*Asks:* 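Take a look at this one; I'll ask things after.
All chains are named by letter (A, B, ...) in the order of the sequence lines, taking the proteins before the strands, and each is independently numbered beginning at 1. The shown structure was predicted, so the numbers you read here are calculated from the model rather than taken from an experiment.
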Amino acid sequence: MFHLIEQKLRQHFAAFLSSAYSNDAAIVVEQPKQSSFGEFALPVAFSLARQLRKAPRAIAEELASKIPAIEGVAALEAAGNGYLNVRLDRGHYASLLLHAAASSQAQAPGKVIVEHTNINPNKAAHIGHLRNSVLGDTFVRMLRASGRQVEVQNYIDNTGVQVADVVVGFHYLEKKSPADVAALISQPRFDYYCWDLYARTSQYYGSHPEAVQWRRDTLHSIEHGEGEIAELAHMVADAIVECHLNTMLRLGIVYDVLPRESEILHLKFWAKAFDQLKERQAIYFVEDGKNKGCWVMAAAHFRDAVTGDEGDDDAKVIVRSNGTVTYVGKDIAYQMWKFGLLGLDFHYKPLRAYPNGHQAWVATDEACDLPAPAFGRGSEVYNVIDSRQSYLQDVVVAGLRALNYEQQADRSIHFSYEMVALSPRTCVELGIPLSEEDKKRPYVEVSGRKGLGVKADDLIDKLIEKAKAEVDSRHPGKAEDERTRVATQIAIGSLRYFLLKFTRNTVIAFDLQEALSFEGETGPYVQYAAVRARNILRKLAERGETLPDFSTLTPEVLRRQLAAEDFWQLLLAASKSGAALDSALSAGEPSHMARYAFQLAQAFNAFYHDYPILAEENPEKRTFLLWLAVYFKEQLDHTLEHTLGIPVPDYM
RNA sequence: GGGCCCGUAGCUCAGUUGGAUAGAGCGUCUGGCUUCGAACCAGCAGGUCGGGGGUUCGAGUCCCUCCGGGCCCGCCA
């Protein structure tokens with residue numbers, strides 16, 4: 001509601017300034033530094049000062065007296081050295097909130113595609129992957145909450161080097177047959193097994209350089225899709241994907257479609273993109289020099305300043321001299337498909353039906369009988385990929401631009417974020433050996449090749465264990481499975497909030513102790529506020545009472561009650577979820593949404609402490625306080641569950 | 001050598017896109033449970049916003065420069 005009033009205010013001032021001063025500058029509406037100044041502050045007098053050659057303060061006073069009355073605004077005051085502060089009519093505003101019908105938001109045209117997770121299917125997911133998925137999933141929820149149609153894609157690189165390395169491990173190091181591996185897959189935590197095997201294989205290359213030939217042979221077999229090696233690769237990749245989907249489902253993260261690299265190749269996506277790139281001369285064949293025999297994209301396409309003239313050496317190789325295509329090449333084809341620019345489509349088959357009924361599909365190269373939804377053909381594409389790959393993302397966008405797909409290039413957004421590293425303290429705790437140099441660093445980078453990192457499932461297990469101990473001590477009377485469910489919800493809230501509270505370009509130095517904290521600015525703190533609101537209503541029901549009739553809360557009554565600053569500030573904060581969503585979306589920062597939820601919880605916890613609602617004896621005030629609690633609960637529940645993907649437990 | 005990111009309280013981080021007296025959490029210290037359960041609340045202490053220039057009514061925010069740290073720049077992905 002808050003942002004609607006803000007919009008109205010902006011329009012009102014724009015119209016007035018346009019007619020009175022012929023000034024058409026955009027109106028800036030801020031929130032005052034101190035709440036005692038009112039609800040909005042307009043620094044408009046400062047920008048008018050130059051035009052009118054008058055002191056800002058005098059202009060602000062003039063505006064305050066001359067501007068026509070605005071419905072719902074109680075006062076307009078000049079303040080400071082030229083601010084114009086706006087005070088809302090509290091009764092009017094609250095009445096709007098009380099009677100607001102759940103406005104069904106008009107669906108914006110066009111489909112947004114969000115690609116996230118994209119974990120190499122060769123080992124267990126780790127904490128860094130969780131940041132990607134939680135950021136992506138939350139952004140998806142935010143877009144949907146704002147009325148956008150969104151498709152969630154999880155790209156599977158099932159033919160790459162990383163899968164090949166694990167296959168090398170199984171085939172050459174462990175001499176395992178497909179039947180042996182199938183037996184392993186049926187055991188729990190196959191992804192953990194591969195985590196170790198991948199590290200072992202990488203290590204083996206280090207001490208046996210000649211083994212790299214195994215990798216080459218394996219990649220070749222995978223690409224041609226034949227023989228035992230190719231079969232192993234498929235088995236491993238498919239099984240690990242299942243593990244990843246299970247891990248993500250624990251956090252409430254689901255997908256619509258999983259495009260795969262194998263299909264990009266088999267269905268000639270790349271061949272078609274290659275033709276277009278050649279035809280439009282986005283890439284060229286190199287006759288000489290270090291890139292001899294390759295098809296490359298000139299550096300000028302993806303770099304601002306090119307120092308050299310030709311710069312073949314700076315060019316990005318798209319097709320190797322042996323004729324195989326690089327990852328970026330395939331990514332260009334994939335990006336084209338996302339926008340419906342390729343004139344080709346995958347076939348699809350159902351991959352899994354989620355508990356909530358949602359169906360995920362996976363790309364295949366042969367048609368199946370079941371009709372799949374129309375995937376791809378997006379009008380906007382967000383790729384959630386860590387910032388270390390920004391160079392490659394630039395190349396992909398440059399590819400679109402070089403093909404004259406300017407609009408699609410502009411709407412290809414690298415939703416980047418910094419990596420998750422480990423705090424030195426946590427490395428020690430996990431038994432990771434550190435050099436003297438590393439111990440002095442603020443953080444240590446994780447490495448899949450070395451097997452260094454915190455596995456996602458381990459972390460989730462630890463969080464559940466910790467939460468369970470807390471729940472057990474507080475609610476010994478509740479049933480075991482119920483306590484486990486609540487503990488799981490708390491663990492999810494804790495983890496999702498932890499990964500969201502940092503802005504995207506902050507490197508997270510993951511610290512186990514910090515992540516396991518449930519106090520202060522954490523998910524459980526916010527959940528606790530929602531649970532407290534819930535408790536009040538449950539207690540009311542236990543006393544045999546029902547909620548009073550809120551229609552007795554007339555604007556006059558509301559105005560009277562909201563004269564109390566504490567109540568007004570809580571109501572105001574709770575009414576800002578739409579504004580918070582708008583600003584979080586325009587900034588592309590899920591962290592803003594998380595912080596809003598935290599601030600709202602803070603406001604409620606203070607309110608809860610100071611005003612025992614059920615003990616209130618004045619009937620009018622009691623009714624009002626109950627409505628306030630109900631309104632707060634609705635807003636926080638919605639923000640947590642719908643937008644942030646954080647469940648609200650029944651009790652804590 | 002080129003590109004991107006970071007530097008704000010003891011620690012970890014925000015800072016509404018240039019606005020009023022720079023804010024949270026943790027930690028330290030002090031106080032508050034008669035159950036709408038304290039995973040909470042209240043209070044104290046803590047800052048030359050890395051340094052130096054500049055732009056203007058106004059800079060943590062924009063520009064230049066220097067210092068310190070990180071990440072990329074492969075016929076890996």
Side-chain angles (χ1 to χ4, degrees), chain A residues 28-34 37 41 43 46 49-50 55-56 79-83 85 118 120 157 160-162 215 261 290-296 299 303-307 314 316-322 324-328 330-331 386-392 394 416 418-419 421 423 441-443 445 467 470-471 474-475 490 494 501-503 505-509 511 514 517-522 524-525 527-529 531-540 542-543 579-580 583-584 586-587 591-592 595 598-599 602 605-606 608-616 629 651-652:
Chain A
V28 175
V29 180
E30 299 168 1
Q31 289 176 47
K33 212 71 185 167
Q34 287 178 39
F37 291 163
F46 295 109
R50 210 164 305 150
N81 48 2
Y83 275 94
N85 290 340
N118 299 7
N120 266 304
D157 179 10
V161 176
Q162 295 212 20
R215 175 199 270 172
E261 187 169 87
K290 77 165 192 178
N291 291 331
K292 181 178 178 183
C294 297
W295 286 87
V296 304
R303 281 198 189 127
D304 303 332
V306 191
T307 43
D314 286 348
K316 175 64 194 168
V317 172
I318 305 296
V319 179
R320 302 181 185 102
S321 54
N322 68 3
T324 57
V325 58
T326 59
Y327 178 83
V328 197
K330 286 174 271 196
D331 219 16
D386 83 71
S387 63
R388 285 172 292 191
Q389 295 196 48
S390 61
Y391 164 69
L392 295 174
D394 288 347
S416 75
E418 284 289 342
M419 64 176 169
S423 74
R441 290 166 182 265
Y443 49 79
E445 201 173 346
E470 299 282 341
V471 175
R474 284 157 218 248
H475 303 281
I490 292 168
S494 170
K501 74 183 200 181
F502 302 93
T503 51
N505 54 17
T506 298
V507 175
I508 299 181
D511 187 84
E514 197 189 323
S517 163
F518 294 161
E519 285 161 21
E521 196 195 336
T522 66
Y525 175 94
Q527 289 172 313
Y528 191 54
V531 165
R532 284 176 137 182
R534 198 164 283 199
N535 284 347
I536 295 171
L537 303 179
R538 187 178 49 227
K539 210 74 183 180
L540 186 78
E542 279 171 11
R543 293 184 184 186
S583 87
S586 68
S591 67
H592 289 1
R595 274 177 196 279
F598 173 67
Q599 284 161 10
Q602 250 182 337
N605 274 331
Y608 177 92
H609 183 264
D610 290 341
Y611 304 94
I613 296 176
L614 297 181
E616 177 56 50
Y651 54 85
M652 281 178 77

*Asks:* List for me each residue that meets ring pair (Phe, Tyr, Trp, His ring centres under 6.0 Å) alongside A:Y443, sequence neighbours excluded, and say none if there are none.
*Replies:* none

*Asks:* Within the 4.0 Å heavy-atom criterion, would you say A:R538 contacts the bases, only the backbone, or no part of the nucleic acid?
*Replies:* nothing

*Asks:* In this structure, is the centre-to-centre distance between the rings of A:Y525 and A:F598 below 6.0 Å?
*Replies:* yes

*Asks:* Suppose we screen for salt bridge (Lys or Arg N to Asp or Glu O under 4.0 Å). Which residues come up paired with A:R534, at least two apart in sequence or across chains?
*Replies:* A:D637, A:D650

*Asks:* Give a yes/no on whether any side-chain N or O of A:H592 is located under 4.0 angstrom from OP1 or OP2 of B:G15.
*Replies:* yes

*Asks:* For A:E418, give me all partners under salt bridge (Lys or Arg N to Asp or Glu O under 4.0 Å), at least two apart in sequence or on another chain.
*Replies:* none

*Asks:* Sugar-phosphate atoms are those with a prime plus P, OP1 and OP2; base atoms are the rest. Using that split, label each nucleotide of nucleotides 67-77 of chain B B, S or - for protein heavy atoms under 4.0 Å, 5' to 3'.
*Replies:* ---SSSS-BSB

*Asks:* Quick one: label A:Y525 by what it contacts on the DNA or RNA (base, sugar-phosphate, nothing), any heavy atom closer than 4.0 Å.
*Replies:* sugar-phosphate

*Asks:* Taking only residues two or more places apart in sequence or in another chain, which ones pass salt bridge (Lys or Arg N to Asp or Glu O under 4.0 Å) with A:D394?
*Replies:* none

*Asks:* Please list, chain by chain and in numerical order, all residues satisfying side-chain hydrogen bond (donor to acceptor under 3.5 Å, both in side chains) with A:Y327, sequence neighbours excluded.
*Replies:* none

*Asks:* If the condition is salt bridge (Lys or Arg N to Asp or Glu O under 4.0 Å), which residues does A:R474 pass it with, not counting sequence neighbours?
*Replies:* A:E470

*Asks:* So if I define the base as every atom that isn't primed, P, OP1 or OP2, how would nucleotides 22-33 of chain B read as a B/S/- string at a heavy-atom cutoff under 4.0 Å?
*Replies:* --SSS-----B-

*Asks:* Under the side chain to side chain contact (heavy atoms under 4.5 Å, CB included) rule, collect the residues that match up with A:N85, sequence neighbours excluded.
*Replies:* A:F37, A:A41, A:A79, A:Y83

*Asks:* Have a look at A:N85 and say if it touches a base, only the backbone sugar-phosphate, or nothing, with a 4.0 Å heavy-atom cut-off.
*Replies:* base

